[in-house]
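Residue numbers begin at 1 in each chain, while the letters A, B, ... track the order of the sequences. When reading the values below, keep in mind they use all heavy atoms of this one structure, side chains included, and skip hydrogens, waters and symmetry mates.
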Amino acid sequence: MNTWHSLDVPRTELRLNTTLKCGQSFRWRTTGENEWSGVLRDRIITLQQSDHDVLFKADEGSVGATREILKDYFQLEVNLEALYAKWNQDQNFKKKSGEFAGIRILRQDPLENLFAFICSSNNSISRITMMVNKMSERWGTYIGTVEGDSQPYYSFPTLSRLAEDGVESELRNLGFGYRAKYIAQTAKYILQNHDEKWLESLRYVEYAQCREELMKLSGVGPKVADCVCLMSLDKHESIPVDTHVWQIAKRDYKISGLAAAKSMTPKNYLAIGDFFREIFGDYAGWAHSVIFTADLRQFGEKSRQPSLKRRLLGLSRKKQALSRKRGLR
DNA sequence: ACAGTCCCTTCCTC
DNA sequence: AGAGGAAGGGACT
């Protein structure tokens, strides 16, 4: 019998809607009012934000184990309010921090994190979500469903499944484009040069070396390497600089040598990371994530739900495109 | 309905 | 070293 249990954490320490949907993880589905479901360590987890707490569903036999999984995943030993207080010394941060409290870095499974972010290049959150789901459906293991939702949940595929022959061409058929090759090559490379445990073992390697190792993988450049460093390998000081962060850095901060910079060279990339580490300290990557999320279209000031009219227009366009395609055959 | 532009990048070439 | 283009496909305007 599944019942709700308390994680005993206030909204200022953990806000689910932003933390789960800001583009760190792509596996959480909205399954109710203030409720999200996803897969952690091959089990389905359902979470709910209540007024003064976060609740999780579990049967009596697994309450303790589930709570431990969640404490680890949300890194609850990190005192976020204390960090915000420190980061508030930066005026740009302070402007956002009230509205964007409780945004934490998740401690994700390195394997899922790596492959999700290989998919992320030149891509949007919604399409990355589709791709990660497709990979899980095709090469992962079926786990089950949640109450009141017929959507099946799958574990993320293992390395050896992704290293199988034919994965690349199947991924291409699934619409992964040039990322298909990256995924297949990376899975094979890791198994040939290391083993299944290798990725997780990078948690015990210092940031610079960890980053360097990751960048040997196909489809992994500085940005993706930093995402994996930050979001699953415990490198709290890692700053992934994408075009978005690049814009924020130029717009809101005076970083020497950056004002005149035209493009994102490795040198500029490093300058931005070093600057944020300078002003935010050890957990600079966490601070960066708050600033980043506050600027995201879906959460930020600019956010607005497309009008019903516009959404219907989008739908009818899709239909037309589909019938045109059919007509060609 | 259409067309130009932009997307949470990497890799390759010049 | 640094700039620029190619590589899916979809969404936005």
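Of the residues in residues 114-125 of chain A, A/S121, A/N122, A/N123, A/I125 come within less than 4.0 Å of DNA chain B through at least one heavy atom, sorted by number. For residues 126-140 of chain A, proximity to DNA chain B is found at no residue, defined as any non-hydrogen atom under 4.0 angstrom from a strand atom. Residues from residues 175-188 of chain A placing a heavy atom under 4.0 Å of any atom in DNA chain C, listed by number, are A/G177, A/Y178, A/R179.
Contacts classified as side chain to side chain donor-acceptor pair (under 3.5 Å) and involving residues 183-194 of chain A (residues at least two apart or in different chains) are given here: A/Q185-A/S218, A/H194-A/W198. Contacts classified as salt bridge (charged side-chain N to carboxylate O under 4.0 Å, His left out) and involving residues 238-249 of chain A (residues at least two apart or in different chains) are not found.
C/dA6 and B/dT5 have their P atoms separated by 15 Å, with the value rounded to a whole Å.
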Quick one: the dot-bracket string of DNA chain C, using Watson-Crick and G-U wobble pairs with both distances under 3.5 Å, [ ] for crossing pairs and | for bases paired to another strand. .||||||.|||||
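Not a single side chain to side chain contact (heavy atoms under 4.5 Å, CB included) links A/S150 to another residue, sequence neighbours left out. Under the side chain to side chain donor-acceptor pair (under 3.5 Å) criterion, A/N133 pairs with no residue at all, not counting sequence neighbours. Applying the salt bridge (Lys or Arg N to Asp or Glu O under 4.0 Å) criterion to A/R277, with sequence neighbours excluded, gives A/D274. Under the salt bridge (Lys or Arg N to Asp or Glu O under 4.0 Å) criterion, A/R67 pairs with no residue at all, not counting sequence neighbours.
A/P266 comes within contact range of no nucleotide atom at all, as no heavy-atom separation falls under 4.0 Å. Nucleic acid contact class of A/L217 (heavy atoms, under 4.0 Å, all strands): sugar-phosphate only.
Side chain to side chain, A/D234 and A/Y207 fail the donor-acceptor criterion of an N or O pair below 3.5 Å.
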Tabulate atom names and distances for all N/O pairs under 3.5 angstrom spanning the protein and nucleotides 12-14 of chain B.
none

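Salt bridge status for A/E112 with A/R27: present, with a side-chain N to carboxylate O gap under 4.0 Å.
Residue A/V54 shares its hydrophobic cluster (ILVMFWY side chains chained together at separations under 4.5 Å) with A/L7, A/V9, A/L14, A/L16, A/L20, A/W28, A/W36, A/L40, A/I45, A/L47, A/F56, A/V63, A/I69, A/L70, A/Y73, A/F74, A/L76, A/L106.
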